[in-house]
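So the structure is just underneath, and the comments pick up after that.
Along the sequence shown, residues carry numbers from 1. The model shown is predicted, which means the values in this text are computed figures rather than measured ones.
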Amino acid sequence: MKKLLALLLALCMVASLAACADKDDGPIRDESTPATEAPTTQAPATEEPEEVKDYSGYTIRIYSNSNSTERTTWLINEARDAGFTISIDDNSVISGDTAAIQAANENKDGDILFGLNETRWSQVVKGQYENLSLVDWTPSWAGEVGEYAYPGQAYGLVIQNVLMLYRTDELGTNGETLHFQHWADIVDCGYTWYRQNKVGGTTNSNINSAMLYAFVDPSSPAGGITVDGWKTLWKYCAEGKSGGSDDFKYGFVPLNKGDVQVSTFYSSSLYGQIDAAAEGSANPLLGTMEPENWALVDIDDGTYYIAEYIGILDKAGRTAEETEAVMAFAEWFGSAEVQNAWGEEFDSYPCNQAAAELLYPDGVPAIYTLKNFALAKVEGTDMIYAEYVAAHSAEWTNIMTNLGFYWKDEADAVAEPDWDNLDWAVLTQKAE
């Protein structure tokens, strides 16, 4: 670009000189007088590129649940190229938000916490974890993330939500449109559905939060959920297909193969999975941005969103120079340029709106236009639903674990509880 501008400038100067020479009243040089050489001018000195500081001498310890092998490999390599050395476990070591935050709290060696969701971040911000406190910081891009911020503490990176999908072809509803009022209506839809095969995990927890939303009752001893809510979730588990294999770890594969007609999946990676759908099925889902044989279930309530955040942990013994390196990494990772690249690589939607505009110049994808009930006010409380989930998530996990929800294989199914004779005070506590 600079060379092109210089060339255009030179052409303009030549044209200007030629125009002056053609003027009748212009100065006439005496041909007997030797021409003098045009004065030479020294080209202006180019600015030296700003030196990028190398922070690679300090290894930044990161805890996250956004840690698939692909994500951790990408982040380690990109960070190294940007002058940072990081240490982050992939999900073969730490799997899920609960494991990530517990490891950070127990090991007390973390510099960065990223990922998780409002449920966990509200707990961190409120000091519910003994060994986790946050450094006061404000990145240059803080104004780009809108409502996804705990000012001075943590800032949004990506928005995720859980989706309910169905096939519209002969392996699905054969053209019938599915419309529910609540997520829990899936149990009466008349079609086969996928369900997860374990209690734990971020996506699994978000699906349960979506399923239980219609049954909130702050006065209920059953973890703030009506007994009918737990009965419905049991039916979702008992009659859903879990497959007993890794194909059913998440909901995309069984839907893509036609093993089920309705399924759930997380928004990040959906479009990439559909792009590659033919690699794993003889009857794949078709049409990425414009679905051909699949659709989103139209649900009046909307869906449960989470935002993943990044915060800097206050690590004992870290020097001021090391803290500078950690802050520089967080500044770099949350920037529009890097979040655009992260979103491009992993089909995630950035909280950083400058990054979102780079990533999706033609507009917001349909899966991110769904109504967000995580931010809906819970009647009878001063909490939004995401905060309500945070307040009750431990009780919900205990209830599901104690009652035996989400067996992996149908052969291991347990008997349905006697709902009228349960001691919720015991069930909401962790089993001894």
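From Cys351, atom SG reaches atom CD1 of Ile159 across 4.5 Å, with rounding to the nearest 0.5 Å. Here CG of Asn131 is found 5.0 Å from NZ of Lys108. Values are rounded to the nearest 0.5 Å. Atoms OG and CD1, on Ser56 and Ile86 in that order, are 12.5 Å from each other to the nearest 0.5 Å. In this structure, CG on Asp97 lies 10.0 Å from CD on Glu308, to the nearest 0.5 angstrom. Once rounded to the nearest 0.5 Å, the distance linking OG1 of Thr264 with CE of Met164 reads 7.0 Å. Residue Phe180 holds its CZ atom at 6.5 Å from CD1 of Ile299, rounded to the nearest 0.5 Å.
For the residue pair Glu387 and Asp382, the shortest heavy atom distance occurs at OE1-O, 4.2 Å.
Panel note: side chain Tyr388, backbone Gly224; a donor-acceptor pair is recorded below 3.5 Å. Checked by atom type and distance alone, the side chain of Ser263 pairs as donor or acceptor with a backbone atom of Gly251 at under 3.5 Å. For Tyr349 (side chain) and Ile367 (main-chain N/O), no donor-acceptor pair under 3.5 Å exists by modelled atom type. With Asn67 contributing its side chain and Ile88 its backbone, the two residues share no donor-acceptor pair below 3.5 Å. For Glu118 (side chain) and Ala307 (main-chain N/O), a donor-acceptor pair under 3.5 Å exists by modelled atom type. Asn402 places a side-chain N or O within 3.5 Å of a backbone atom of Leu427 that can act as its donor or acceptor partner. Listed for the Tyr155 side chain is a donor-acceptor partner under 3.5 Å among the backbone atoms of Gly152. Remark: side-chain polar atoms of Ser242 are not paired, donor with acceptor, to backbone N or O of Asn197 under 3.5 angstrom. For the pair Gln261 (side chain) and Gly172 (backbone), a donor-acceptor distance under 3.5 Å is present. In this structure a side-chain-to-backbone donor-acceptor pair under 3.5 Å is present from Asp169 to Leu171.
Proximity of the aromatic rings of Tyr166 and Tyr191 is defined here by a centroid distance below 6.0 angstrom, and this criterion is not met. You'll find the ring centres of Phe333 and Phe114 inside the 6.0 Å limit.
Under the 30°/60° scheme for interplanar angles, the aromatic rings of Tyr309 and Tyr150 are found to be tilted. Taking the six-membered ring where the residue is Trp, Phe84 and Trp332 present tilted rings, their angle falling between 30° and 60°.
There is a side-chain donor-acceptor pair under 3.5 Å between Ser219 and Asp217. For Tyr406 and Asn208, the side-chain atoms include at least one donor-acceptor pair closer than 3.5 Å. A donor and an acceptor atom, one from each side chain of Asp109 and Tyr63, are located under 3.5 Å apart. A donor-acceptor pair shorter than 3.5 Å cannot be found between the side chains of Thr303 and Asn161. One side chain, Ser268 or Arg71, offers a donor N or O that lies under 3.5 Å from an acceptor on the other. Arg80 and Asn77 share a donor-acceptor pair across their side chains, judged by distance under 3.5 Å alone. Looking at Ser348 and Gln160, their side chains never bring a donor and an acceptor atom within 3.5 Å of each other. If you check the side chains of Asp228 and Thr226, you find no donor sitting under 3.5 Å from an acceptor. In summary, the side chains of Tyr55 and Glu324 do present a donor paired with an acceptor at a separation below 3.5 Å, with no hydrogens or angles considered.
The local environment of CD in Glu416 is crowded, with over 12 non-hydrogen atoms from other residues, nucleotides or ligands closer than 6.0 Å. Heavy atoms from other residues, nucleotides or ligands lying under 6.0 Å from NZ of Lys315 number more than 12. By the neighbour-count criterion of 12 heavy atoms within 6.0 Å, atom CD of Glu337 is sparsely surrounded, having that number or fewer from other residues, nucleotides or ligands.
Judged by the 6.0 Å and 45° rule, Arg195 forms a cation-pi pair with Trp407.
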Any chance you could lay out the side chain to side chain contact (heavy atoms under 4.5 Å, CB included) test for Tyr58 and Arg318, step after step, and finish with the verdict?
CA-CA 10 Å; Tyr58 178 68; Arg318 190 173 59 207; 3.7 Å; yes
Going through the distances and angles, do Val338 and Glu78 end up as a side chain to side chain contact (heavy atoms under 4.5 Å, CB included)?
CA-CA 9 Å; Val338 178; Glu78 293 294 319; over 6 Å; no
Check the pair Tyr304, Tyr385 against ring-ring contact (aromatic ring centres under 6.0 Å, His included), reporting the backbone distance first and the verdict last.
CA-CA 9 Å; Tyr304 187 75; Tyr385 187 57; 5.8 Å; yes
Please evaluate residues Glu147 and Leu375 with respect to the criterion side chain to side chain contact (heavy atoms under 4.5 Å, CB included), reporting the C-alpha separation (whole Å), side-chain torsions for both, the decisive distance (0.1 Å), and the verdict.
CA-CA 11 Å; Glu147 64 184 338; Leu375 301 181; 3.8 Å; yes
Check against side chain to side chain contact (heavy atoms under 4.5 Å, CB included), Gln339 and Trp141
CA-CA 11 Å; Gln339 283 303 298; Trp141 41 264; over 6 Å; no
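A salt bridge links Asp89 with Arg61: the closest approach of a Lys/Arg side-chain nitrogen to an acidic carboxylate oxygen falls below 4.0 angstrom. A salt bridge is absent between Lys241 and Asp259: the closest approach of a Lys/Arg side-chain nitrogen to an acidic carboxylate oxygen does not fall below 4.0 angstrom.
No side-chain heavy atom of Arg120 sits less than 4.5 Å from a side-chain heavy atom of Asn65.
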